[in-house]
Amino acid sequence: MCGRLVVTSSTKQLLAAGGASRADDERPPRYNLAPTQDAPAVLNRDRAVLRWIRWGLTPRWARDLAAGARLFNARAETAAEKPSFRDALQKRRCVVLADGFYEWAHGETPKQPWFIHRKDGAPLLLAGLWDDWREPNGGREWTTFTILTTEPNDLIRPLHDRMPVILEASALETWLAPHPRPPADWHALFRPCPAELLTRRPVNPRVNSTAFDEPACLAPYTPPPRAQLELF
DNA sequence: CCAGACGTTGTT
DNA sequence: GTCTGG
DNA sequence: CCAGACGTTGTT
DNA sequence: GTCTGG
């Protein structure tokens with residue numbers, strides 16, 4: 001699963017990772033980015049632009065924007081059949097750029113967050129779907145997204161039974177194709193990424209609160225002994 | 001034909 | 001939007 | 001994802 | 001418990 005992101009790379013670095021040439025906005029680094037907030041993404045509609053769009057996919061037919069609040073993940077195995085996602089999987093794909101994400105160990109108390117990121121420090125390419133939603137009565141249009149999930153690799157499995165779909169750079173071209181593609185094309189891309197690509201470390205449970213959004217979120221942290229025993 | 005429902009995941 | 005029910 | 005709020009109507 | 005907000 002994937003419910004909290006870190007975005008610390010510069011705009012220049014994000015553009016390079018996503019293969020885009022310009023960004024629609026300049027934002028400060030985020031150390032604790034939650035659903036309903038904006039994250040940087042490259043949409044297959046316009047691959048030249050890095051856009052900051054709202055996390056939580058609101059289908060275009062939903063009654064209100066809030067409908068997307070809980071649709072921040074989509075199971076890769078079933079997205080092709082779900083009313084909220086199937087059209088987007090065919091036609092509206094995106095890559096979300098993030099330097100890492102947090103996972104909480106399944107059912108532990110107190111809740112212990114872990115930071116997961118690439119060993120080489122490069123931004124992750126997270127497979128996403130997007131949609132446009134227009135406010136009634138001529139209001140503004142929102143673009144929202146969700147992150148696809150798959151089974152975990154060996155690094156994530158001790159923590160959780162789901163992880164985000166992380167794409168290799170070589171898959172960008174395929175994933176961001178502008179035209180419709182059948183669901184059968186995606187099976188190879190929806191595999192968990194190699195565990196060796198990533199690393200993890202526990203971080204301060206202050207990260208649990210979205211109000212804690214600063215460099216200290218990523219600082220080294222040793223869980224109390226009791227929690228350590230429970231975790232391994 | 002129209003009306004009305006449909007959210008998803010992951011938990012326990 | 002698409003699908004189901006009437 | 002997690003944290004935090006949520007009482008509810010009727011009456012003065 | 002469920003829903004909302006970040």
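Chain letters run A, B, ... following the sequence lines, proteins first, then strands; residues in each count from 1.
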Between atom CZ in R206(A) and atom P in dA3(D), what is the gap in whole Å? 13 Å
dC1(D) P sits how many Å from E103(A) CD, rounded? 9 Å
Take atom CZ of R60(A) and atom P of dT2(C), then tell me their distance rounded to the nearest Å. 10 Å
Using both distances under 3.5 Å as the test, list the Watson-Crick or G-U wobble partner of dT8(D), or none. none
Would you find more than 12 non-hydrogen atoms of other residues, nucleotides or ligands less than 6.0 Å from K12(A) atom NZ? no
With the threshold set at 4.0 Å, does a side-chain nitrogen-carboxylate oxygen contact exist between D87(A) and K91(A)? yes
Sugar-phosphate only, base, or nothing, as touched by T78(A) at under 4.0 Å among non-hydrogen atoms: sugar-phosphate
Using a strict cut-off of less than 4.0 Å between a Lys/Arg side-chain nitrogen and an Asp/Glu carboxylate oxygen, indicate whether R162(A) and E103(A) qualify as a salt bridge. no
Nearest-Å distance for atom pair CD/C1', residues E81(A) and dG1(C): 17 Å
Contact list (N/O, under 3.5 angstrom) for nucleotides 4-6 of chain E vs protein:
{"from": "dG6(E)", "atom 1": "N7", "to": "P35(A)", "atom 2": "O", "distance (Å)": "3.3"}
{"from": "dG6(E)", "atom 1": "N7", "to": "T36(A)", "atom 2": "OG1", "distance (Å)": "2.7"}

With a 4.0 Å cut-off on N to O distance, would you call E141(A) and R134(A) a salt bridge? yes
Determine the interatomic distance between C1' on dT2(E) and the same-named atom on dT9(B); round to the nearest Å. 15 Å
Base-pairing assignment for dT4(E) (Watson-Crick or G-U wobble, both under 3.5 Å): dA3(D)
Between D132(A) and R60(A), does any NZ, NE, NH1 or NH2 come within less than 4.0 Å of an OD or OE carboxylate oxygen? no
Rounded to whole angstrom units, what separation is found between the CG atom of L57(A) and the C1' atom of dC6(B)? 14 Å
Within 6.0 angstrom of R63(A) CZ, more than 12 heavy atoms from elsewhere: no
Salt bridge (Lys or Arg N to Asp or Glu O under 4.0 Å) for R92(A) and D131(A)? Distances and angles first, verdict last. CA-CA 7 Å; R92(A) 293 184 296 274; D131(A) 206 350; 3.2 Å; yes
Please lay out, stage by stage, how L189(A) and W186(A) fare under the test side-chain contact (heavy atoms from CB on, under 4.5 Å). CA-CA 5 Å; L189(A) 295 190; W186(A) 307 125; 3.6 Å; yes
Taking the P atom of each, how far is dC2(D) from dG10(B), in whole Å? 12 Å
Check the surroundings of atom NE2 in H179(A): do more than 12 heavy atoms from other residues, nucleotides or ligands lie under 6.0 Å from it? yes
dG7(D) and dG5(E), which share atom name P, separated by this distance in whole Å: 13 Å
Rounded off to whole Å, could you give me the CH2-to-P distance for the W114(A) and dC2(D) pair? 15 Å
Nearest-Å distance for atom pair CG/P, residues L71(A) and dC6(B): 14 Å
Scan nucleotides 10-12 of chain B against the protein and return all N/O pairs shorter than 3.5 Å with their distances rounded to 0.1 Å.
{"from": "dG10(B)", "atom 1": "OP1", "to": "R162(A)", "atom 2": "NE", "distance (Å)": "3.3"}
{"from": "dG10(B)", "atom 1": "OP2", "to": "R75(A)", "atom 2": "NH1", "distance (Å)": "2.5"}
{"from": "dT11(B)", "atom 1": "OP1", "to": "H160(A)", "atom 2": "ND1", "distance (Å)": "2.9"}
{"from": "dT11(B)", "atom 1": "OP1", "to": "H160(A)", "atom 2": "NE2", "distance (Å)": "3.0"}

Nearest heavy-atom approach of T210(A) to A34(A) is CG2-CB, 3.6 Å
For atom P, what is the distance between dC1(D) and dT11(B), given to the nearest Å? 6 Å
ring centroid sep under 5.5 Å plus plane angle under 30, W61(A) with dC6(B): yes
Length of the line joining R30(A):CZ and dC1(D):C1', which is rounded to integer Å: 14 Å
